[in-house]
Amino acid sequence: MNIRLHFRLFAATAGTGLVLTACGSSGSPPSASGSPSAAPGTSSPSRSATVSVPSGPSAITPPGTPAPTTPGPGGGAPPLGSGRFQPMWPFTTLAEARAWERDFHSAGHQPWHLDPDQTALSFTQGYLGFQDIDRVTAHTVRGPDARIGVGLSRPAGVTGTAAVIHLVRYGTGPDAPWEVVGTDDTTFSLTNPGYGLIVRSPLLTGGRITGVDERIRIQVRQPSSAAPLGTSCCTAAGGNGRHWKESVSFSGADDPVLTVVASTGGHIAEVERFTVTAVRTG
């Protein structure tokens, strides 16, 4: 989590942002929670060269999302489903991702799956429901691994990053779609429950935060449901790297991987920073 809002936060630093434009003419990203409709096939995505657009300090390895230390088949991030990374969104299984590739190749559906920026914003706005976080603030892609910063564009003059979304290619082909696997955290982290652990309700969550007069909200989500499976609000927090904790109850979990979301705000926007981790249901 890398926010640098110039408002009541400790150690604030400025960031710059890039405005994201729509991707492709066939199939826009979803505006509501849920998995993508039957998979598109894949047309040739542009091969991901290493591209960086700085917007503050470089991201650090998050407490929740493991660093890709074990190379995948072609070098780079290890494959999803290997136990190292958990598929959070938009696909819940490799079969879904491959179905999208076939559909995309045959009909060109939902080309936004080939754009990590668009996927990160769709995850933030469509899946998590954070509509005010609507711009890309940082972009780093190295082969099958991407870190995309997202942030607020209002009120005027606000700069900074609300979260750095970690994505990897789901599959090994040149047209494998991008999949969210976590966030890179700095001033706001979600370290409990541990990444990829099997959980039950009620769930104790926790981490560390730097800030002033923070109010932390917890949600548990799954791709197949539009509404959260559980919500808890709000835990008062603040200080410099101070520990926080909050319990949340949830029900109706059907998907193999759930997303636990912690968010804070209330100074200039309802959500100013957020962090996520992936947990399993069995």
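Since we're looking at a predicted model, the values are computed, not measured.
- The minimum heavy-atom distance linking I133 with A162 is given by the pair CD1-CB, 3.7 Å.
- H139 places no side-chain N or O within 3.5 Å of a backbone atom of R147 that could act as its donor or acceptor partner.
- Rounded to the nearest 0.5 angstrom, R208 CZ and N192 CG are separated by 12.0 Å.
- Judged purely by distance below 3.5 Å, without hydrogens or angles, the side chains of S224 and D254 never pair a donor atom with an acceptor atom.
- Among all heavy-atom pairs drawn from W178 and G143, the shortest one is CH2-O, 3.7 Å.
- Within the 4.5 Å cutoff, the side chain of L121 has heavy atoms near those of the V150 side chain.
- Here the shortest heavy-atom pairing between G149 and T161 reads CA-CG2, 3.9 Å.
- Every residue meeting the side chain to side chain donor-acceptor pair (under 3.5 Å) condition with E246, not counting sequence neighbours, appears here in chain and number order: S232, T235.
- Counting heavy atoms from C-beta on, the side chains of P228 and V220 never come closer than 4.5 Å.
- A donor-acceptor pair under 3.5 Å is formed between the side chain of E272 and the backbone N or O of I268.
- Using a 4.5 Å heavy-atom cutoff, the side chains of R98 and E96 are not in contact.
- To the nearest 0.5 Å, atoms NE2 (H166) and OG1 (T183) are separated by 10.5 Å.
- A 4.5 Å side-chain heavy-atom check between Y195 and L190 finds every atom pair outside the cut-off.
- Without hydrogens or angle criteria, Q219 side chain to L229 main chain gives no donor-acceptor distance under 3.5 Å.
- Note: Y170 and H113 fail the aromatic proximity criterion, with ring centroids not under 6.0 Å apart.
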Evaluate L167 against V181 for side chain to side chain contact (heavy atoms under 4.5 Å, CB included), listing each step before the verdict. CA-CA 6 Å; L167 307 95; V181 295; 6.0 Å; no
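- Contact annotation: the side chain of T210 never approaches that of F188 to less than 4.5 Å [non-hydrogen atoms, C-beta and beyond].
- To the nearest 0.5 Å, atom CD of residue E214 and atom SG of residue C234 are 11.5 Å apart.
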Run the side chain to side chain contact (heavy atoms under 4.5 Å, CB included) check on F130 and Q125 step by step: do they pass? CA-CA 5 Å; F130 300 156; Q125 295 185 297; 5.9 Å; no
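- Nearest heavy atom pair, residue I209 against residue A237, reads CG2-CB, 3.9 Å.
- Put simply, CD1 on I218 and OG1 on T231 are 10.0 Å apart, with the number rounded to the nearest 0.5 Å.
- Looking at T281 and V199, their side chains never come closer than 4.5 Å, going by heavy atoms from C-beta outward.
- Judged by distance alone, the side chain of Q86 and the main-chain N or O of G196 form no donor-acceptor pair under 3.5 Å.
- Applying the side chain to side chain donor-acceptor pair (under 3.5 Å) test to T259 and every residue at least two apart in sequence or in another chain returns Y127.
- At distances below 3.5 Å, not a single donor-acceptor pair connects side-chain atoms of T205 with backbone N or O atoms of V260.
- The CZ atom of R221 lies 14.5 Å from the CZ atom of F250; values are rounded to the nearest 0.5 Å.
- Here OG of S153 is found 3.0 Å from CG of D134. Values are rounded to the nearest 0.5 Å.
- Between the side chains of S189 and T275, not a single donor N or O lies within less than 3.5 Å of an accepting N or O.
- When side chains are defined from C-beta on, L203 does not count as touching S201, because their heavy atoms never get closer than 4.5 Å.
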After noting the C-alpha distance and the side-chain angles of T187 and R273, does the key distance pass the side chain to side chain contact (heavy atoms under 4.5 Å, CB included) rule? CA-CA 9 Å; T187 62; R273 289 183 285 174; 2.9 Å; yes
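- Looking at V257 and V279, their side chains never come closer than 4.5 Å, going by heavy atoms from C-beta outward.
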Check step by step if side chain to side chain contact (heavy atoms under 4.5 Å, CB included) holds for E179 and R169. CA-CA 6 Å; E179 179 83 2; R169 286 288 184 91; over 6 Å; no
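- Nearest heavy atoms, L152 versus A269: CD1-CB, 3.9 Å.
- Salt bridge absent: D213 and R215 never bring a charged side-chain N and a carboxylate O closer than 4.0 Å.
- Considering every non-hydrogen atom in both P193 and T277, the closest pair reads O-CG2, 4.0 Å.
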